[in-house]
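Residue numbering restarts at 1 for every chain, and letters A, B, ... go by the order of the sequence lines.
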Number of protein chains: 2
Amino acid sequence: MKQPKVTVVDVAHAAGVSKSTVSLVLQGSSLVNEATRAKVGAVIRELGYVYNRSAANLRQSKSKIVGIVVNDLTNSFFAELAVGMDMVMQSAGYIQFMANSAENADRQAEVIASMREHGMAGLILSPARGTSAADLRPLVDSGIPVVLVARNVPGLKVSSVVSDGHAGAMAAVRHLIDLGHRRIAFLGGFNDTAVFDERMRGCRDALLEAGLGASDDLVISSAPSRAGGVAAVERLLSMADRPTAALCFNDAVAFGACDGLRSARIEPGVDFGVIGFDDVIEAKTAVPALTTVSVDPQGMGRRAAQLLLKQINAGHFEPEALVASARLVVRESCGAPQRVKELMA
Amino acid sequence: MKQPKVTVVDVAHAAGVSKSTVSLVLQGSSLVNEATRAKVGAVIRELGYVYNRSAANLRQSKSKIVGIVVNDLTNSFFAELAVGMDMVMQSAGYIQFMANSAENADRQAEVIASMREHGMAGLILSPARGTSAADLRPLVDSGIPVVLVARNVPGLKVSSVVSDGHAGAMAAVRHLIDLGHRRIAFLGGFNDTAVFDERMRGCRDALLEAGLGASDDLVISSAPSRAGGVAAVERLLSMADRPTAALCFNDAVAFGACDGLRSARIEPGVDFGVIGFDDVIEAKTAVPALTTVSVDPQGMGRRAAQLLLKQINAGHFEPEALVASARLVVRESCGAPQRVKELMA
DNA sequence: CTTGAAATTTGGAACGATCTAAATTACGAG
DNA sequence: CTCGTAATTTAGATCGTTCCAAATTTCAAG
């Protein structure tokens with residue numbers, strides 16, 4: 001069952017040429033005569049030769065492999081981010097090592113080390129909570145392009161693609177204020193992350209701008225997951241002076257919040273305004289359809305991938321910080337009439 | 001910025017030993033003297049040496065890389081499947097090429113070919129719709145272990161890990177019948193897939209067993225997604241003699257069905273029984289909590305990964321078909337009182 | 001001191017490709 | 001024919017590691 005593997009030498013021998021010629025054919029060189037090219041091609045197919053890319057990479061010391069490490073693949077946001085990257089990598093002829101760090105910085109360090117040993121050309125990282133600049137410095141110093149996505153790591157000079165959480169949050173809260181809400185909470189997310197901070201501050205700034213006080217009581221942190229959303233909304237409902245709307249850390253939390261509201265017989269989108277963050281694919285079809293700050297996860301993934309490819313090809317290293325603009329997509333969960341049509345394909 | 005890379009030879013030179021010794025140290029051989037091992041270790045750290053695994057693999061002609069190709073990473077079921085695999089692969093010291101075929105058989109063929117060129121030791125494949133045995137034959141014949149997961153490919157002699165859709169569907173429908181439902185629909189999924197067929201037949205068989213007629217009208221196929229669920233339930237609601245409950249092709253469809261019911265002011269779990277399939281992670285926390293046929297996607301992923309590792313290590317090739325037993329997890333969406341406690345961790 | 005077995009270390013040939021520089025072949029002009 | 005140039009082809013070194021066989025060192029016993 002186990003075939004003895006066939007190499008360029010075998011092909012060369014069978015085709016009656018030298019291995020150098022076969023190599024030229026493999027890389028589609030124009031130096032080789034049409035007749036021989038055809039012959040070699042035929043032999044390759046006949047023998048079932050498979051190219052050994054690592055051998056080639058060894059000689060050329062470059063590879064068509066990139067690493068992708070995400071912190072939580074079970075969260076749709078990151079899954080879609082990954083899918084976006086996958087798309088552009090695939091069409092650029094790259095292949096990915098992909099791993100899930102499960103928010104564990106040690107695990108993350110291990111897989112990155114392993115990927116490095118396997119010779120990746122670049123890395124896209126959605127860093128686990130608690131990732132420090134020092135963790136990544138050796139990799140970066142070795143000259144391997146790194147692109148951070150979704151989350152930033154303070155103090156590290158690398159490219160990044162993040163969404164404009166501050167502006168997005170402000171837009172969302174302004175909308176809630178326009179709808180007449182006066183007490184607006186911020187729900188979910190770990191309060192020691194930069195992303196949390198940014199979105200929460202956007203929320204606060206919009207409140208202040210409208211002359212509404214921003215009390216810390218109205219910021220309820222929790223795990224950034226559906227379950228976390230349920231927990232956060234429970235705490236919120238037990239408050240004395242209940243808010244009438246909330247901006248959630250992300251869509252998962254928002255869905256959880258809706259769940260929690262419903263089990264307290266409060267209908268989201270009718271009795272209480274809920275806005276999410278990320279515009280996960282389910283946001284559109286959920287009931288009520290989720291009003292959310294769209295950051296187009298697949299699009300971010302694609303941009304991150306393109307950025308990485310650019311850096312790999314350029315050879316040099318010009319840190320570039322893309323911030324994906326966030327726009328508010330008004331649907332039903334905030335209680336507003338559907339007044340903005342979506343144009344997305 | 002771009003460091004000249006350091007190799008075993010550099011390390012050997014700096015440590016005053018031969019490259020062979022360094023190599024022995026690297027693979028933790030007991031042949032080497034404690035003192036020299038320490039010295040070499042120190043030099044390695046000092047120079048920032050990184051092991052070149054592809055060079056090693058080239059010599060040993062084996063690798064610690066496996067390929068994972070899934071058909072739709074945006075679907076939580078497959079995302080969790082992937083996470084399960086990732087867990088065991090990571091702790092076995094393997095690293096994965098991971099790609100999303102997006103249900104496109106051509107794309108799938110391309111990435112598999114690419115992975116093969118990069119020298120993977122084995123492949124776990126959740127085949128795209130329309131994958132034929134012929135597509136995979138060359139790979140299998142080359143002696144690379146392949147494990148199919150979630151879906152099977154007829155006519156291909158390889159290992160597989162699938163869930164017992166027929167038994168699971170029967171259990172679910174029996175439960176609905178016990179609750180007093182008489183007209184029960186089967187919702188969602190593409191009707192040209194084996195998985196659809198299996199689950200739908202389980203549904204039908206349970207109905208027949210109870211002496212209830214099984215009409216084809218009650219089988220409504222659609223895309224196996226949340227949006228598909230909404231669409232399917234809409235069609236169902238327009239029927240003359242409306243069913244009172246439905247078994248859905250998967251949890252995504254079930255969530256969509258709940259959404260669709262709600263927008264028609266029908267409360268799932270109260271006015272209408274809904275049962276899903278897969279027990280995706282959100283099923284537990286959704287409102288109403290989804291009654292579903294649990295097939296434990298992460299567990300399936302883990303088992304598939306273990307099976308693959310076993311085959312890689314064994315060297316030989318003994319196709320093994322695991323069918324993951326499916327058990328009904330009764331929660332709220334079917335309208336039943338919560339009578340079965342979950343023991344899951 | 002020998003001596004021989006055990007403990008360590010090592011040179012050089014692989015692995016399967018690419019690349020450089022040089023060799024060979026083809027071919028139209030003189 | 002003989003050249004010169006362009007078009008093809010090729011031998012052999014090389015990438016960074018592992019492995020084999022052989023060389024060297026260590027060291028306790030005779």
Side-chain angles (χ1 to χ4, degrees), chain A residues 2-41 43-44 47-65 114-121 142 144, chain B residues 2-41 43-44 47-65 114 116-121 142:
Chain A
K2 191 154 283 176
Q3 312 268 7
K5 52 197 153 312
V6 3
T7 76
V8 274
V9 181
D10 301 319
V11 172
H13 188 255
V17 296
S18 79
K19 59 183 161 44
S20 307
T21 304
V22 176
S23 174
L24 289 183
V25 171
L26 286 174
Q27 48 206 285
S29 162
S30 61
L31 289 180
V32 43
N33 180 295
E34 202 45 61
T36 44
R37 177 199 308 288
K39 171 119 189 188
V40 170
V43 172
I44 282 179
L47 296 189
Y49 165 77
V50 328
Y51 186 67
N52 183 334
R53 214 166 274 275
S54 1
N57 291 342
L58 175 57
R59 181 66 226 264
Q60 311 182 125
S61 59
K62 68 167 181 164
S63 82
K64 286 272 212 170
I65 304 178
S114 176
M115 288 177 176
R116 213 177 148 191
E117 294 186 347
H118 279 96
M120 61 176 167
S142 79
I144 294 180
Chain B
K2 190 153 283 175
Q3 313 267 6
K5 52 196 153 313
V6 5
T7 77
V8 276
V9 181
D10 302 320
V11 173
H13 189 254
V17 296
S18 79
K19 61 182 161 42
S20 306
T21 304
V22 176
S23 175
L24 290 185
V25 170
L26 285 174
Q27 47 207 292
S29 162
S30 60
L31 288 180
V32 42
N33 180 294
E34 202 44 60
T36 44
R37 175 199 309 288
K39 170 121 190 187
V40 170
V43 172
I44 282 179
L47 296 188
Y49 165 76
V50 329
Y51 185 67
N52 183 333
R53 213 167 274 275
S54 2
N57 292 342
L58 173 56
R59 181 63 228 263
Q60 311 183 123
S61 57
K62 66 168 181 163
S63 83
K64 287 271 211 171
I65 304 177
S114 176
R116 214 176 147 193
E117 293 186 348
H118 279 96
M120 64 177 165
S142 79

Please name the pair of heavy atoms, one in [X] and one in [Y], separated by the smallest distance, quoted to 0.1 Å.
X	Y	result
I144(A)	M120(A)	CD1-O, 4.1 Å
K39(A)	A15(A)	CE-O, 3.8 Å
K5(A)	D10(A)	O-OD2, 3.8 Å
S18(B)	A12(B)	C-CB, 3.6 Å
S63(B)	A121(B)	O-CB, 3.5 Å

Partner of V11(A) under side-chain contact (heavy atoms from CB on, under 4.5 Å), chosen from T21(A), V17(A), V6(A):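 Output: one option passes, namely V6(A).
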Listed in order of residue number, which residues of residues 8-20 of chain A have a non-hydrogen atom at under 4.0 Å from DNA chain D?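 Only V17(A), S18(A), K19(A), S20(A) qualify.
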Would you jot down, in residue-number order, the residues of residues 53-61 of chain B having a non-hydrogen atom under 4.0 Å from DNA chain C?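 Listed by number, they are L58(B), R59(B).
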Pairwise distance CG(N57(A)) to CD(E117(B)) - rounded to 0.5 angstrom: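 Rounded to the nearest 0.5 Å, the CG-CD separation comes to 10.5 Å.
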Enter the distance from N33(A):CG to L24(A):CG here, rounded to the nearest 0.5 Å. 12.0 Å
After noting the C-alpha distance and the side-chain angles of H118(B) and I65(B), does the key distance pass the side chain to side chain contact (heavy atoms under 4.5 Å, CB included) rule? CA-CA 9 Å; H118(B) 279 96; I65(B) 304 177; 5.9 Å; no
For A14(B), which residues count as a side-chain contact (heavy atoms from CB on, under 4.5 Å) partner, sequence neighbours excluded? V43(B), L47(B)
Check the interface with nucleotides 4-6 of chain C: list each N/O to N/O pair with the protein under 3.5 Å, or write none.
none

Would you confirm whether R37(A), through its side chain, and S29(A), through its main-chain N or O, come within 3.5 Å as a donor-acceptor pair?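 Yes.
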Report for the helix from dC1(C)-dG30(D) to dG30(C)-dC1(D): angle between first-end and last-end helix axes, five pairs each, rounded to 10 degrees.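 Rounded value for the end-axis angle: 60°.
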Between I44(A) and L26(A), does the side chain to side chain contact (heavy atoms under 4.5 Å, CB included) criterion hold? Intermediate values first, please. CA-CA 10 Å; I44(A) 282 179; L26(A) 286 174; 3.8 Å; yes
Just the endpoints, please: which first and last nucleotides of DNA chain D, 5' to 3', lie under 4.0 Å from a heavy atom of chain B? dG16(D) to dC19(D)
Could you go step by step and tell me if S54(B) and L58(A) meet the side chain to side chain contact (heavy atoms under 4.5 Å, CB included) rule? CA-CA 7 Å; S54(B) 2; L58(A) 175 57; 6.0 Å; no
So, OP1 or OP2 of dT9(C): does either fall under 4.0 Å of a side-chain N or O from T36(B)? yes
Evaluate the criterion side chain to side chain contact (heavy atoms under 4.5 Å, CB included) for residue pair S114(B) and K64(A); output intermediate values, then yes/no. CA-CA 10 Å; S114(B) 176; K64(A) 286 272 212 170; over 6 Å; no
Please state how far atom [atom1] in [X] lies from atom [atom2] in [N], giving the value in whole angstrom units.
X	N	atom1	atom2	value
L31(A)	dA22(C)	CG	C1'	14 Å
I44(A)	dG16(C)	CD1	P	16 Å
K64(A)	dA17(C)	NZ	P	18 Å

